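Notes for the one structure printed next.
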Protein chains: 2
Amino acid sequence: MATIKDVSKHAGVSPATVSRVLNGSELVVEKTRVKVMAAVEALGYRPNTLARAMASGRSGIVGMVVPEMCSPIHARLLGEAEALFRQHKIQLIGASGHCDPAQEQEAIEFLLQCRCDALILMVEAIDDGYLQQLAKRQANVVLINRTLAGFDAQCVTLDNVGGSQTATAHLIANGHQRIGYISGPLAKQDARDRRSGFEAALAQHGLTAEPDWFVEGDFTETGGYEGMSELASAQLSAIFCGNDEMAFGALAYCREHNIAVPEQVSIMGFDDLHFARYTFPALTTMDFPAGAMAIAATRHLLRTCYQIDIPAQPEMAYKPSLVVRDSVQPR
Amino acid sequence: MATIKDVSKHAGVSPATVSRVLNGSELVVEKTRVKVMAAVEALGYRPNTLARAMASGRSGIVGMVVPEMCSPIHARLLGEAEALFRQHKIQLIGASGHCDPAQEQEAIEFLLQCRCDALILMVEAIDDGYLQQLAKRQANVVLINRTLAGFDAQCVTLDNVGGSQTATAHLIANGHQRIGYISGPLAKQDARDRRSGFEAALAQHGLTAEPDWFVEGDFTETGGYEGMSELASAQLSAIFCGNDEMAFGALAYCREHNIAVPEQVSIMGFDDLHFARYTFPALTTMDFPAGAMAIAATRHLLRTCYQIDIPAQPEMAYKPSLVVRDSVQPR
DNA sequence: CTGTTAGCGCCTTCAC
DNA sequence: GTGAAGGCGCTAACAG
């Protein structure tokens, strides 16, 4: 593969000049630039990103850690960020943390070794202390769905508590009083937040959270299915699931056991996965604007780390909005 | 950030020795190794992947191009490959080609500039000539879902024709004779293959493909929905959709228009997306073993490119298998 | 076993 | 405007 030296020989100039042309320096006379470009064409030369990064101290690489690359919501985050970064010739590299502190840390260290210019982290298991240390080593860090003392400007957050309250209020407004809750794993902050929003809304309307109507799931369809099976005998009029995937599982359980949704029981999800509109009945849920959040994180970095001039300051705090479909009906 | 030189000074040895220790060379006496490791610890030293790549001519990076990072099947491919590569300390970087020749080429060039050791390509729009050229520049290329003359050993394929035949045969075995087909965009090879498998199976059973019962969709839910609307009046007893997403759309249409599935019309999908089991009725479909295929591609590269000793030669040619659920019933 | 010497391909001062 | 020289951090011969 041709190097900058080959090009310089072919064009009869010095490597430095080739470098200037390639980097758009204005200090090159038109005639030379043409000569150089011709040589580049002729040799099919491609600059070596690695060498460029070494010499300039800037890799043009951004690392991103998500819990699971193949979960729909995380894939969306990755996809949106990648597309936008690539428009600016920046490479996004993704790694998964699997909600495990060791694996999250390993992923981050891995990315750091690649000398990423910046990091976008959606990590849930790793402790604050580590992240605080990290911020000292690498200033360009954006956190998704997590807040950290002293880093407000670098956190793209979703108001899980508020979203959950809105959802619960919608249930209550529809006349539901006996509302069950299938939670995500309480080891996760967002699961805790969504739960507390639920309970806050209940309290606000003079209802109390019955421990028997609560089950801790795992954010998967299977967890939702099993959660529903535990709640089935409690004569509840509505079930709020901590995410859509569990709602899908709950719906599957109901169908298999001839529990009519929404006639016998209303079901509410959270996330508004693409698929939510294709369940039967179509799922009423809260919208998690993952795409917008990924773009916000990306734009923030484009501005602060790459000094690319993007008009407006991206919104960093997001609120889920209610998506009304068919799985919740008035009681 | 500490460099190998800092470590060598701190340990009182040469940089080369530090390098040896870090790379597990056996030519280092235990005492030195301990000294070095202590220095590494003390300084919190992390080798610079970029520099290492430059010096060794091996980046430890594999690039992967998929059509869309956020499509479920492609996210799965990425996720599985990433997980397996990372076990071997190899970084996978993903890019999306969006089924557009220019974008696919751009993605590949981008990856090439990062000096990836190998490439896993799921590209559909780019022409054979380009890939053949590419194979000359970079020997370690694995193609997913595409065959290329002279590169059989590096293609992980799915038998779309055969899978489609199996599916169609299942429909026919269930007494269906008036079978509609909602196809993927015929610009894509897999869409064409699936269609021709369908028609071959029809012919094999003495049936002919009615042009009026065929509609070209776009592999999305919306496309399936619209396709179904076109076919709704044709009195068909079964509809075969080119992929699950279109089947989801078709199911949605039926539900909205009170067409009972499978009583009035059976619906068959293709891919077996995770969600297929959560539709109503649960979707009968063909399994696209994306995870296994990603792992096959990864293992192939681990063997051929990284000389990592993995017991068995991975299977490179996959056949979809029938997944019977509830959306297809005997006529 | 360990240190020394060269680069890997590029960018970036500094002179000219 | 352009060229020469040095160095980014590391590995890979080659000596010893």
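Proteins come first, then strands; the chains are lettered A, B, ... in the order of their sequence lines, and each starts at number 1. The model shown is predicted, which means the values in this text are computed figures rather than measured ones.
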query = Do B:R20 and C:dG3 have a side chain to base donor-acceptor pair shorter than 3.5 Å?
reply =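 Between C:dG3 and B:R20, which were checked side chain against base, a qualifying N/O pair under 3.5 Å is present.
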request  = Work out which heavy atom in B:M122 is nearest to a heavy atom in B:N145; give both atom names and the distance.
outcome  = CE-ND2, 3.9 Å
Would you say [X] reaches [N]'s phosphate, i.e. side-chain N/O to OP1/OP2 under 4.0 Å?
X: A:N48; N: C:dC8; answer: no
X: A:S19; N: C:dC11; answer: yes
X: A:T3; N: C:dG9; answer: no
X: B:T17; N: C:dT2; answer: no
X: B:S14; N: C:dG3; answer: yes

query = Quick one: does A:L119's side chain get under 4.5 Å of A:N140's, heavy atoms only?
reply =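 Counting from C-beta outward, A:L119 and A:N140 never come under 4.5 Å.
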task = Taking the side chain as every heavy atom from C-beta outward, state whether B:I90 and B:L302 have any pair of such atoms under 4.5 Å apart.
result = yes
Between [N] atom [atom2] and [X] atom [atom1], what is the distance in whole Å?
X: B:L22; N: D:dG9; atom1: CG; atom2: P; result: 15 Å
X: A:R115; N: C:dG9; atom1: CZ; atom2: P; result: 21 Å
X: A:M1; N: C:dC8; atom1: CE; atom2: P; result: 16 Å
X: A:K5; N: D:dA4; atom1: NZ; atom2: C1'; result: 12 Å
X: A:L27; N: C:dA15; atom1: CG; atom2: C1'; result: 15 Å
X: A:N23; N: D:dT2; atom1: CG; atom2: C1'; result: 16 Å
X: B:I4; N: C:dC8; atom1: CD1; atom2: C1'; result: 15 Å
X: A:Q113; N: D:dG9; atom1: CD; atom2: C1'; result: 13 Å

With a cut-off of 3.5 Å and sequence neighbours excluded, list every side-chain donor-acceptor pair involving residues 98-105 of chain B.
unit_1 : atom_1 : unit_2 : atom_2 : d
B:H98  : ND1    : B:E68  : OE1    : 3.0
B:H98  : ND1    : B:E68  : OE2    : 3.1
B:H98  : NE2    : B:S96  : OG     : 3.3
B:D100 : OD2    : B:A102 : N      : 3.2
B:D100 : OD2    : B:Q103 : N      : 2.9
B:E104 : OE1    : B:A125 : N      : 3.1
B:E104 : OE1    : B:I126 : N      : 2.8
B:E104 : OE2    : B:E124 : N      : 3.0
B:E104 : OE2    : B:A125 : N      : 3.2

ask   = For B:V18, which contact category applies under a 4.0 Å heavy-atom criterion: base, sugar-phosphate, or nothing?
value =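 No contact.
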note = In numerical order, the residues of residues 28-36 of chain A whose heavy atoms come under 4.0 Å of DNA chain D are A:V28, A:V29, A:T32
Nearest to the [X] side chain among [options], which nucleotide is it?
X: B:S56; options: D:dA12, D:dT2, D:dG9; value: D:dA12
X: A:M54; options: C:dC10, C:dG9, D:dC10; value: C:dG9
X: A:V13; options: D:dG3, D:dT11, D:dG9; value: D:dG3

task = Would you check, one step at a time, whether the test side-chain contact (heavy atoms from CB on, under 4.5 Å) holds for B:I4 with B:Y45?
result = CA-CA 8 Å; B:I4 201 170; B:Y45 169 73; 3.8 Å; yes
ask   = Is it true that the side chains of A:Q189 and A:D193 contain a donor and an acceptor less than 3.5 Å apart?
value = yes
query = Once you round to the nearest 0.5 Å, how far does OH of A:Y306 lie from CG of A:D117?
reply =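 Reported value, rounded in 0.5 Å steps: 3.5 Å.
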ask   = What distance do A:F85 atom CZ and A:T298 atom OG1 have between them, rounded to the nearest 0.5 Å?
value =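 If we round to the nearest 0.5 Å, A:F85:CZ and A:T298:OG1 are 4.0 Å apart.
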message = Heavy-atom nearest nucleotide on DNA chain C for B:P15 versus A:R46: which residue maps closer to 5'?
response =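 Nearest nucleotide further toward 5': that of B:P15.
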